[in-house]
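Notes follow the structure.
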There are 2 protein chains.
Amino acid sequence: MTTITARERLINAAIEAFAEKGFAGTTTRDIASRAGMSPAAVYVHHDSKESLLFTVSIEGHRSALDVITRAAASSTDPIERLRSMVYDFSLWHADNSRVGRIVQYEYHALSDEHRAEVATYRRSIEKTMQDALADGVDQGVLDVDDVPGTAFSLLSLGVDLVRWFEPGGSRSADQLASLHADLAVRMARRT
Amino acid sequence: MTTITARERLINAAIEAFAEKGFAGTTTRDIASRAGMSPAAVYVHHDSKESLLFTVSIEGHRSALDVITRAAASSTDPIERLRSMVYDFSLWHADNSRVGRIVQYEYHALSDEHRAEVATYRRSIEKTMQDALADGVDQGVLDVDDVPGTAFSLLSLGVDLVRWFEPGGSRSADQLASLHADLAVRMARRT
DNA sequence: GTCTATAATCAGATAGAC
DNA sequence: GTCTATCTGATTATAGAC
């Protein structure tokens with residue numbers, strides 16, 4: 001049995017609100033109300049509205065990095081590894097489109113210190129994709145002119161899902177992730 | 001010689017502010033101040049903050065649709081046409097990253113009526129890309145399993161530029177647009 | 001750990017002088 | 001068409017009772 005603390009209820013309420021209205025468009029009253037609490041209760045469990053955003057953002061980044069890191073380690077075959085990485089990264093963004101929207105679009109709303117901390121996760125995600133492409137080129141299996149640019153473009157496919165994806169739409173998360181994985185292989189495979 | 005009206009100065013100020021702080025995070029006082037005017041002056045030339053957003057959004061959509069429509073008409077060769085469409089669409093998003101950010105990320109902040117009007121432009125953009133892919137498949141030059149999905153993914157590459165692109169960075173708009181065009185051809189070409 | 005009440009500030013929009 | 005001054009209501013965050 002899972003016990004949800006008041007602190008966690010507020011985080012879940014913040015995720016809903018930030019994803020729907022944006023950070024600046026969300027009031028602490030809205031967060032409290034979604035969690036079934038009074039406006040003052042927010043400040044018992046969290047320091048500020050920005051610290052709620054940081055909590056959501058850092059956990060989201062950690063989770064996305066974890067997903068792509070595991071996929072990178074899932075195979076040594078460059079094609080299979082690339083397919084896994086793109087599939088899992090896109091699937092994560094579809095399955096977590098609300099958190100993903102906050103992670104991507106409210107990055108600028110973080111304080112300078114918090115933004116710097118989150119930035120290290122972003123660089124790790126990019127480096128993981130770049131390393132996988134570079135290794136595939138070294139093995140002679142992939143043909144990629146611009147490794148950093150192509151890595152970024154592959155990640156873009158997944159990231160851009162958070163702009164519009166909603167569960168229950170005409171395409172499933174799995175369909176989209178599979179499509180992206182197929183496109184990725186065509187983009188990078190040596191012919 | 002070009003005369004800039006007060007109305008246009010306010011629109012330019014709104015573009016700066018909305019792109020930097022988001023619609024909800026921007027105050028009408030900020031817009032007025034950037035235009036070198038008093039808070040009240042905003043309402044002499046525009047009905048509301050939302051109507052300023054609508055003006056920016058509709059013009060941005062019109063411009064982006066225009067760019068991709070012209071590119072679609074620039075060639076009948078499916079490969080050259082695809083290259084032009086992706087290059088021009090991505091170039092537009094890099095060269096107009098501030099307007100593009102507003103177009104993409106503040107779509108939900110429009111009133112219901114205004115959002116419906118803008119939505120027709122979005123559908124036209126998607127249809128233009130889908131038609132180009134479908135025609136290339138018919139001609140036997142392209143090989144695309146999922147035409148709507150691939151069309152959307154190609155547009156995503158350009159759209160996602162607005163999330164991070166700033167002029168003067170390590171990559172030029174032209175470099176990024178060329179990269180996207182190359183990747184697009186690899187994604188869709190029959191082998 | 002929850003609440004009600006409130007402080008202090010700031011928001012969008014308007015009135016009316018010049 | 002511009003300004004200063006202001007209305008009305010909302011906002012983040014805190015104080016203090018229970």
Side-chain angles (χ1 to χ4, degrees), chain A residues 1-58 102 105-115, chain B residues 1-58 102 105-115:
Chain A
M1 132 173 180
T2 312
T3 308
I4 296 174
T5 64
R7 183 185 156 80
E8 288 165 337
R9 265 198 297 151
L10 285 163
I11 292 172
N12 289 334
I15 290 171
E16 268 186 39
F18 291 160
E20 194 177 301
K21 304 180 172 183
F23 177 74
T26 295
T27 66
T28 54
R29 279 171 168 73
D30 186 11
I31 294 169
S33 159
R34 285 175 198 252
M37 299 164 109
S38 76
V42 172
Y43 296 92
V44 175
H45 302 282
H46 299 276
D47 287 343
S48 65
K49 191 169 88 154
E50 193 273 342
S51 95
L52 261 167
L53 174 63
F54 177 62
T55 301
V56 174
S57 186
I58 201 82
I102 299 163
Y105 298 163
E106 305 303 343
Y107 181 63
H108 71 282
L110 292 165
S111 71
D112 289 348
E113 292 77 10
H114 287 162
R115 200 178 323 106
Chain B
M1 126 174 183
T2 312
T3 308
I4 295 174
T5 65
R7 182 185 157 80
E8 288 165 338
R9 265 198 296 150
L10 285 162
I11 292 172
N12 289 333
I15 289 171
E16 270 186 37
F18 291 160
E20 195 176 302
K21 304 181 171 183
F23 177 74
T26 296
T27 66
T28 55
R29 282 169 171 77
D30 185 13
I31 294 169
S33 161
R34 286 176 196 252
M37 298 164 110
S38 75
V42 172
Y43 295 91
V44 174
H45 302 282
H46 299 277
D47 288 343
S48 65
K49 191 170 87 156
E50 193 274 340
S51 95
L52 261 167
L53 173 63
F54 176 62
T55 301
V56 174
S57 185
I58 200 83
I102 298 164
Y105 298 164
E106 304 303 345
Y107 181 63
H108 72 282
L110 292 165
S111 71
D112 289 348
E113 292 77 9
H114 287 162
R115 199 177 324 104

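A note on names: the letters A, B, ... follow the listed sequences, proteins ahead of strands, and every chain is numbered from 1.
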- Atom pair distance, as rounded to whole Å: CE in B/Met37 and C1' in D/dC3: 11 Å
- Query: Just wondering, are more than 12 heavy atoms of other shown residues or ligands nearer than 6.0 Å to CG in B/Asp47?
  - Reply: no
Below 3.5 Å is the cut-off: list the nitrogen or oxygen pairs between protein and nucleotides 5-8 of chain C, distance only.
none

- Task: Give B/Thr26 one of three labels, base, sugar-phosphate or nothing, depending on what nucleic acid heavy atoms sit under 4.0 Å from its own.
- Result: sugar-phosphate
- Atom CZ of B/Arg9 and atom CZ of B/Arg34: how far apart are they, to the nearest 0.5 Å? 14.5 Å
- Distance in angstrom units between B/Asp47 CG and C/dG12 P, rounded: 15 Å
- In whole angstroms, the gap separating P of C/dG12 from CG of B/Leu52 amounts to 11 Å
- A/His45 NE2 to D/dA13 P, in whole Å, measures 16 Å
- Task: Would you indicate what A/Ser38 reaches in the nucleic acid, counting non-hydrogen atoms under 4.0 angstrom: base, sugar-phosphate, or nothing?
- Result: base
- Query: Would B/Glu8 and B/Thr2 satisfy side-chain contact (heavy atoms from CB on, under 4.5 Å), going step by step from the backbone distance to the final call?
  - Reply: CA-CA 12 Å; B/Glu8 288 165 338; B/Thr2 312; over 6 Å; no
- Query: B/Leu10 has an atom CG; how far is it from atom P of C/dA13, in whole Å?
  - Reply: 14 Å
- Query: If you measure from CG on B/Leu110 to CG on B/Leu53, what distance do you get to the nearest 0.5 Å?
  - Reply: 4.5 Å
- Query: Can you list the residues that meet the side-chain contact (heavy atoms from CB on, under 4.5 Å) rule with A/Ala14, with sequence neighbours excluded?
  - Reply: A/Phe18, A/Ile31, A/Leu52
- To the nearest angstrom, how far is B/Lys21 atom NZ from C/dC10 atom P? 12 Å
- Query: Quick one: does B/Lys49's side chain have a donor or acceptor within less than 3.5 Å of a partner on B/Thr26's backbone?
  - Reply: yes
- May I have the distance from A/Lys49 (atom NZ) to C/dC10 (atom P), rounded to whole angstrom? 15 Å
- Message: Please pick, from C/dT4, D/dA13, D/dT2, the nucleotide with the shortest atom-to-atom distance to any side-chain atom of A/Tyr43.
- Response: D/dA13
- Message: Output the rounded distance in Å from CD1 (A/Ile31) to P (D/dT11).
- Response: 12 Å
- Item | Of A/His114, A/His46, A/Glu113, the residue whose pairing with A/Phe54 passes side chain to side chain contact (heavy atoms under 4.5 Å, CB included) | A/His114
